[in-house]
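See below for the structure under consideration.
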Amino acid sequence: MGQVLLKTALVRMEPFGWTAAFWRSVLLNGWFALCGLCFAAAGLLWMYIIRHFPLSAAYPLGSLSYVFGMAAAMVFFHETVDWTKWLGVLLIMTGCVMIAR
């Protein structure tokens, strides 16, 4: 969710520059603040996960975020996904199933 909020925030910001208008668009962007909260929550969740689960399983399962990211791109940003990306998702999911067993 943090990545979706980050993209949403970046679309609404001024183009990058060392100008007051850019920094105002950063500081007053509610989407950017929500994105930061999501990343903070994800960091806390990740600390919990690696403390309570084997890293050899938890770290590879983190690759599922690529699958969710692609799905979010389709749903929220109406991006098209070609068959090679679907093949990549299938390979990632197959690997995750193999690791989880």
Side-chain angles (χ1 to χ4, degrees):
M1 195 65 202
Q3 296 295 340
V4 170
L5 291 171
L6 179 59
K7 178 152 175 92
T8 303
L10 292 173
V11 167
R12 288 169 169 73
M13 282 184 192
E14 295 286 324
F16 180 80
W18 296 104
T19 64
F22 169 74
W23 291 106
R24 191 172 21 262
S25 73
V26 171
L27 296 173
L28 299 177
N29 191 325
W31 295 106
F32 194 63
L34 287 173
C35 160
L37 290 174
C38 281
F39 284 138
L44 292 172
L45 180 61
W46 182 243
M47 288 190 291
Y48 175 83
I49 289 169
I50 61 174
R51 178 166 171 86
H52 292 91
F53 297 96
L55 186 61
S56 61
Y59 198 76
L61 290 175
S63 65
L64 285 173
S65 66
Y66 299 116
V67 177
F68 295 132
M70 193 174 80
M74 291 170 48
V75 171
F76 294 108
F77 304 113
H78 310 289
E79 296 179 11
T80 58
V81 179
D82 60 20
W83 71 271
T84 57
K85 291 182 178 94
W86 284 114
L87 179 61
V89 164
L90 178 65
L91 291 171
I92 289 171
M93 292 173 59
T94 302
C96 288
V97 167
M98 293 172 70
I99 288 168
R101 286 186 171 195

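- Closest of all the heavy-atom pairs between Asn29 and Ala9 is ND2-O, 3.0 Å.
- Of all non-hydrogen atoms in Ser56 and Ile99, the two that sit nearest each other are O-CG2, 4.3 Å.
- Under the 4.5 Å side-chain criterion, counting only non-hydrogen atoms from C-beta, Leu10 is not in contact with Lys7.
- Phe68 and Val81 fall within a single hydrophobic cluster, where Ile, Leu, Val, Met, Phe, Trp and Tyr are joined by side-chain heavy atoms under 4.5 Å apart, directly or via other members.
- Linking Ile, Leu, Val, Met, Phe, Trp and Tyr residues whenever their side-chain heavy atoms come within less than 4.5 Å leaves Met74 and Phe76 in two separate clusters.
- Atom CZ of Phe22 sits in a crowded spot, with more than 12 heavy atoms from other residues, nucleotides or ligands closer than 6.0 Å.
- Both Leu6 and Val26 sit in one connected hydrophobic cluster of ILVMFWY residues. Membership requires side-chain heavy atoms under 4.5 Å apart, directly or through other members.
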For a side-chain contact (heavy atoms from CB on, under 4.5 Å) check, start with the C-alpha distance between Phe77 and Val11, then their side-chain angles and the critical distance, and finish with the verdict. CA-CA 11 Å; Phe77 304 113; Val11 167; 5.7 Å; no

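- Closest heavy-atom contact between Pro60 and Cys96: O-SG, 4.0 Å.
- Rounded to the nearest 0.5 Å, atoms OG1 (Thr94) and CD1 (Ile92) are 10.0 Å apart.
- Across all non-hydrogen atoms, the minimal contact from Cys35 to Gly2 is SG-O, 3.7 Å.
- For the pair Tyr59/Phe53, no side-chain contact is recorded, criterion being any heavy-atom separation below 4.5 Å from C-beta on.
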Apply the test side-chain contact (heavy atoms from CB on, under 4.5 Å) to residues Val67 and Met93: give CA-CA distance (whole Å), side-chain angles for both, the deciding distance (0.1 Å), then the verdict. CA-CA 8 Å; Val67 177; Met93 292 173 59; 4.0 Å; yes

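- Looking at heavy atoms from C-beta onward, Phe32 lies out of side-chain contact with Thr8 at the 4.5 angstrom threshold.
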Full working for side-chain contact (heavy atoms from CB on, under 4.5 Å) between Phe39 and Gln3: CA-CA 9 Å; Phe39 284 138; Gln3 296 295 340; 3.7 Å; yes

